[in-house]
Every structure is written in C-alpha cells, then in structure tokens.
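As the structure is a prediction and not an experimental result, all values here were calculated from the model.
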Amino acid sequence: MTASAPDTHPCAQAPKAGGHRIRTWLLAMAAGLAFGAGAQPSGGPYGPVAQSYALPKAAHVFVVAPDGKADAAGTVAEPTTLEAAVTRVVTGDAIVLRGGTYRTGSLKFNQGITLQPYLGEQPVLKGTQLATTWEALPQNVWRTKWSQLFPAQPLGWWQRRSEGKLTPLHRFNNDMVFVDGELLESAGWEGELGPKTYYIDYANGYVYLGFDPKGKQVEITAHDVALHRTTREIHGKAPDKKGPQIRGLSFTQYAYRAIDIEGQRPAAGPNEEPTDDPIGISPESAHGKEVVGTLLENVSISFCSRVAGYFRGDKLVIRNSLISDTGTEGIYVIGSADVLLERNLIRRNNIERLTGIFPSAVKIFNQSYRVTVRDNLIVEQSHSNAVWYDVGNVEGVFVNNYIEGAQAGLFFEISKGVVVAGNVFVNNEAGIRILNSSGARVYHNTFVNSPALFARDQRSNVGDHFGWHPTTGPGVDERVGHVFEGNLMVANDAPSSGRWGPARIALLRFEQPPMLCGKVTAPMSSKVDGNVYVRMGAAEAANRPLVSWATVADANCMSFFDGLDDFRKAVPGLEAKSRAFTKHAGVVFRSPEMRRFELVGLPATVPAQPVPAEARKVLGWADVPHVPGALPAAR
C-alpha cells in the first residue's frame, strides 16, 4: 500500500496538521451546501454523527471490552471478549462494545445480531498488530519477522502489457505498514527503502524499514477482515438470512476488507473474482436473499487495502458513515435489491494509484435492482470514479449527491434505467458517463467543469474479456432512451483532451465509434431540452463545442456543434427551450469558492420551467417551475 494524505483516520491515531486542514475544508463545504429548505444537496450532516447509545432492548446483551475475559458473563461489570461473544450470539442478541482498541479480526457469525458502542464510548477495531522487535542491518536497514502476511496478485483480467510500467506488481499485495499512524508506501526491494517506504520479503517472512523504528509506533496488518457474516453453518448454528445491525463502530487498517457479507458463494480470497455472485443471467428472485436487511449507521471504515466492505443481500442500508482511504473500491454492493446509501462521506479511494483496475469509491455490481444513492458527499477521488453502476443493474436512483474531483462522478454501464436528479458535479473528468446502457433519465443537475457523456460501442458477449457480463445489459441496438432535461452546464476552463473521447470535448456528448457508423443509427436520446450551457471567458469561444452528437450523417457519424442553432438545424426537435451563453463574463454562481452554486446573474431569458413528474418524485419538489440545475436561484 502507499501513503495518500498526511492525515490519518481520526479514530486510528492522533490527527496530523494536514488532517485538520482537510476537515476544515470539508466543514466549509458542508456549510456551503446548506442551501436551505428544498435545495439539493441537503448539506448534511455527512458521515458519522456522534451520539450516546443506550443498551439495546435485545434478547441477550453481551458487553465486551478490549481487556475482557473470554469466560466472563458479558455484563458491564464483567465484560467478555469480542471473540467469545461472536461465538455465543444468536438472532436477536446484541454485542455492546466498551471504548478502546480491539486488535482483532476474522470474526465469523451467521445470525441477525446488533453491534454497537456502550453509551458515548468509541470502540475501534484494528486489523494491525504492533511490531516491537527489530533487527538492525547494514546500510540503514531494519527488519522484523512477521508471520501474518497477505500476498496477492492482480486478477486475471488485469493487462500487464499495458499497465506493468505504471503499476508495479508489489502494489497488489494487501499488507500495510503504519508508522505513528501514517501509512507507508510499498517498495520493490531494499534498495528502494526510505523514510516513507517499507519492503516485504514474502519468501522468508520479513518486513523491512529504511529508518530506525526506535521510539516509533509501528503497526503491521495481521487480519484481512474484521467482520465476516457467512451464509454457512458456524459455531453450531444454521444461518438465519438476517443481516447485522452495526452502529457507531470504527474499523481501520485491515488487509483486503473490513466487512464481508456473503451471498450464495463463499467469500472470495484476494486472488479470486469476488463479484461473480450470481454467475450469468439471474432473475431478481434468485439472488440477494441469503442475508437481508444489513444496516451500517454512523460507522467509520478507513485504510482497507482493497475495499471497505463487500455487501451482498437485499434491503441493505448504509447511512451517515465515513468511507475513507480505501484501495480498489470503498462500498461494494453485489447482486442486491432495494439498497439505500445516504448521507455518507466518501473520500480518497485508490490511494495506491493502481492502474488498469477500474476503481470506484462506490461500486454497484451484477444485476442489482433499485439501488438508491441519495444525498452523499463524495470528494478527493482524483484516482477513482465516484459511483459506478456496473453490469446488469436495473432502475437505479442517483439523487441529491455532491461529487467533486472524481474521474466520473456517476458511471452507469451495461445497465437498464436510472434516474439522475438534483446532483452537483464539480471539477470531475466527467460528471456522468452513461455507457452501453438504456433509459438514463437525467434531470436538473448542476455540472461545473464536468461534461456529461452518453456513449455506446460494439461491446457484446461475443469475444468479450469478461464473458457473460454484457448479456446482463441492453444489446448493441437497444442502447437508447436517454433523457437530458433541465440541466445546468458551466465550464470556465474546459480541458482540451480527456480520458474518454476526442480532443474537442463538448459539454454534452453523445458518441459512438466509427465502426458503428451506418450500423446503429437510432439516436441514443429520446429527449434533450430545457438545458442551459455557459462557457466563461472569451477564450472559450475558440474550438470549444457545446454538443457532440452521434449518428449525424458525416464521414464518422459524429459531429460537433459550437452553438445551439446549428445543433437544432442538424437534429430537429431537440433543445428547443435551451439556452447557451458563450464568452460569458458575468457571475453565474453565488460563491463557487464556498461551494455555493445557487444561480445568480444569468439573463432573464432563462426562465423557470416545469419539472417532469418523475424528477419531482425523487427530489421531493412541489409541482412548480424550477430554474435549470439542481439548486434554486439565490435570493
């Protein structure tokens, strides 16, 4: 693993000065987002809300403590250990954790239990152990023997020929080393050691440092999971199909993942594909039923080498939680229905800067139905997508989120149906990226330096690297039915090139490759209207299109339009009510520096418009006209 920002998770170690700056920035952002009643996003609170937890009304309550005794009764006066309590609980029981650090992991259970703190205390589950015995070697090198190592390798679909120079293979190992709370970066051999790196000799079981660890706290991963909710028999009990209720706990420094909720298949190891559950086309009724109703509330998960958690099972809720400093993904939802993710603070995924792995802070995968992502704050994702609905998802809802600094704010791929409304996308490589999908309805979002991309290509189940995955979404000629209505798009420094597409980046993009020219001719969108485009400054007028459009009859079936009049002539029936302002020199937003994106200063030619019923339903808006974008005009 590699270091990300200098601040550590506040429950893991004392915060550094950098952490204070980050938290101050986030507080300012949250204050800026508090736009008032009825505005989107809400302004929080995002992430865990501190509170006191009374003893739950459970059939049996087991009180545990870091210094508890395994054979103790499990009361406040005589707490037991967390390891012992997990083997004893049955559905309806609760485990109440006293404050302190629990260096533990691989806690397996299969019952619908509650885990929570005792009153206002702060229990932290850590996947590391302290390394206290070091041997000095020549050349300013120290080493310690370590038996609990987690070697790993990239999955079979990773392409070494294109990515090997960008991502060294040792970055795929799952071990982590922390010194005084700061995560070090992995090195390939002793010669690369320095004050911020470590090296592991897996063949002989040694961890190496390039500085004297005397007087420092060195923590090395010793567990690859904290809580493992299995769907197999364990501790003499049959699984009950009920999800755990986890409130107020913190998890940090786990190799691989902190929480794993199994589905039909056993939990996958680090070198196995964890997402093939189900495998192949599966009706909604045939998966997601093994563990139903899992809840995470006011939970913190940080510094997991790969993911914060794999979550399988219907009616999952993750609310007011912090997901921070993760590897390939943060929250990973697989094969589940009726899921709700709301008011979470999610930041810094892919802290190792791995390439070729398709990272996303939130991944919704493999035939999940009706997953709602609502009113979350997702930031600091420069090496990661923010939220990715991938492979066979149906009728998602993505509403009222604030996303800044990601590759794609919302990525919707090989899936059918999503409502995207009331979101604010700021400084993302793409605000939304809709790929090889159908029925994306995009209403009243604010895009700031964040283009919107709708694309399709020739990808199908014939010869695809991922086999059956494309069969779960619409066919090549079915990738249609998108709506883009009532959105506000503002660019003050549009890029001349980007990760996905040609050099002339348009604010609104409908694109497909030349090889589909004349073969797939139906427009991707059924309605595009009522949008406002703003390009700031005179320089933006040169070679900066507003719209790119596939299926127009030219050599490559792709055209770029610098203004709406030319676009309307080429594609009749679209953007009749839209407005465009190029070379705009006035104010657009109340205060972008304070994340205040209410409209000010646009000409009166941009009237409020009726909002489609579907958008009003997910946004909770009254049936009254609204200006384009997610937020109201400033008063």
Side-chain angles (χ1 to χ4, degrees), residues 275-276 278-287 335 337 358 363-371 385 387-398 408 410-421 430 432-443 452-485 500-501 508-529 547-553 556-559 571-574 612 614-615 618:
T275 61
D276 287 351
I279 297 177
I281 299 294
S282 174
E284 180 188 349
S285 59
H287 61 268
F358 315 115
K363 185 76 71 75
I364 299 154
F365 198 84
N366 197 358
Q367 303 173 82
S368 291
Y369 288 73
R370 298 176 301 281
V371 176
N385 297 292
V387 178
W388 191 344
Y389 289 75
D390 189 16
V391 182
N393 299 294
V394 178
E395 288 305 325
V397 176
F398 189 82
L410 168 65
F411 193 174
F412 190 76
E413 182 179 14
I414 314 177
S415 296
K416 301 177 181 178
V418 63
V419 177
V420 183
I432 60 172
R433 184 187 182 197
I434 312 297
L435 177 62
N436 292 335
S437 296
S438 62
R441 290 95 71 194
V442 182
Y443 307 110
L453 169 62
F454 297 81
R456 62 189 175 195
D457 58 31
Q458 68 281 5
R459 187 179 179 188
S460 70
N461 64 321
V462 179
D464 190 81
H465 192 66
F466 290 94
W468 54 269
H469 286 185
T471 64
T472 65
V476 174
D477 58 354
E478 299 172 327
R479 295 161 183 174
V480 296
H482 304 311
V483 173
F484 195 78
E485 186 174 2
W500 304 296
L508 175 59
R509 304 167 57 189
F510 290 89
E511 299 177 359
Q512 66 184 40
M515 69 177 303
L516 293 184
C517 187
K519 299 176 182 179
V520 181
T521 59
M524 281 177 266
S525 182
S526 58
K527 186 171 185 179
V528 180
D529 203 5
V547 180
S548 62
W549 189 258
T551 72
V552 175
N556 293 315
C557 296
M558 177 68 64
S559 290
V571 190
L574 300 184
E614 181 178 48
V618 298

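The distance from the CE atom of Met558 to the SG atom of Cys517 is 9.5 Å, given to the nearest 0.5 Å. Atom-to-atom distance recorded for Glu284:CD and Ser368:OG is 10.0 Å, nearest 0.5 angstrom. Here Glu485 contributes atom CD and Ser526 contributes atom OG; the two are 9.5 Å apart, rounded to the nearest 0.5 Å. Taken to the nearest 0.5 Å, the CD1 atom of Ile434 stands 5.0 Å off from the CG atom of Leu410. Separation of atoms CG (Asn366) and CG (Asp276) is listed at 6.5 Å; rounding is to 0.5 Å. Taking CD1 of Ile432 as the start and NE2 of His482 as the end, the distance is 9.0 Å to the nearest 0.5 Å.
Residue Val476 comes nearest to Gln458 through the heavy atom pair CG2-O, 4.0 Å, listed as atom of the first residue, atom of the second, then distance. Pairing each heavy atom of Gly417 with each of Phe412, the nearest pair is O-CZ, 3.5 Å. Residues Gly392 and Ser415 come closest through the heavy atom pair N-OG, 3.6 Å. Residue Gln367 comes nearest to Ser282 through the heavy atom pair OE1-N, 2.9 Å, listed as atom of the first residue, atom of the second, then distance. Counting all heavy atoms, side chain and backbone alike, Gly518 lies closest to Cys557 at N-SG, 3.8 Å.
Residues Ile414 and Arg459 have side chains in contact (heavy-atom distance under 4.5 Å, counting atoms from C-beta outward). A heavy-atom distance below 4.5 Å is not found between the side chains of Asp390 and Phe358. Put simply, the side chain of Trp468 does not reach to within 4.5 Å of the side chain of Ile281, judged on heavy atoms. Counting only heavy atoms from C-beta outward, the side chains of Thr472 and Val391 approach each other to under 4.5 Å. Counting heavy atoms from C-beta outward, Leu574 and Trp549 have side chains that approach closer than 4.5 Å. Looking at heavy atoms from C-beta onward, Val571 lies out of side-chain contact with Val547 at the 4.5 angstrom threshold.
With sequence neighbours excluded, no residue satisfies side-chain contact (heavy atoms from CB on, under 4.5 Å) with Pro572.
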* Asked: Going through the distances and angles, do Phe484 and Phe454 end up as a side chain to side chain contact (heavy atoms under 4.5 Å, CB included)?
  -> CA-CA 10 Å; Phe484 195 78; Phe454 297 81; 3.8 Å; yes

* Asked: Would Glu395 and Arg441 count as a salt bridge (charged side-chain N to carboxylate O under 4.0 Å, His left out) if you check the C-alpha gap in whole Å, the side-chain angles of each, and the deciding distance to 0.1 Å?
  -> CA-CA 10 Å; Glu395 288 305 325; Arg441 290 95 71 194; 3.1 Å; yes

* To do: Please lay out, stage by stage, how Val480 and Arg456 fare under the test side chain to side chain contact (heavy atoms under 4.5 Å, CB included).
  => CA-CA 9 Å; Val480 296; Arg456 62 189 175 195; 3.7 Å; yes

* Before giving the answer on side chain to side chain contact (heavy atoms under 4.5 Å, CB included), spell out for Ser525 and Phe510 the whole-Å C-alpha distance, their side-chain angles and the decisive distance to 0.1 Å. => CA-CA 8 Å; Ser525 182; Phe510 290 89; 3.5 Å; yes

* Begin with the C-alpha distance, continue with both residues' side-chain angles, and end with the deciding distance and a verdict on side chain to side chain contact (heavy atoms under 4.5 Å, CB included) for Arg479 and Met524. => CA-CA 6 Å; Arg479 295 161 183 174; Met524 281 177 266; 5.7 Å; no

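Judged by distance alone, the side chain of Thr471 and the main-chain N or O of His469 form no donor-acceptor pair under 3.5 Å. Tyr389 places no side-chain N or O within 3.5 Å of a backbone atom of Val418 that could act as its donor or acceptor partner.
Taking the six-membered ring where the residue is Trp, Phe411 and Trp388 present parallel rings, their angle staying beneath 30° rather than reaching 60°. Using bins of under 30°, 30° to 60° and over 60° for the plane-to-plane angle, the ring pair His287/Tyr369 lands in the tilted bin.
Under 3.5 Å, the side chains of Glu478 and Ser438 contain no donor-acceptor pair of N or O atoms.
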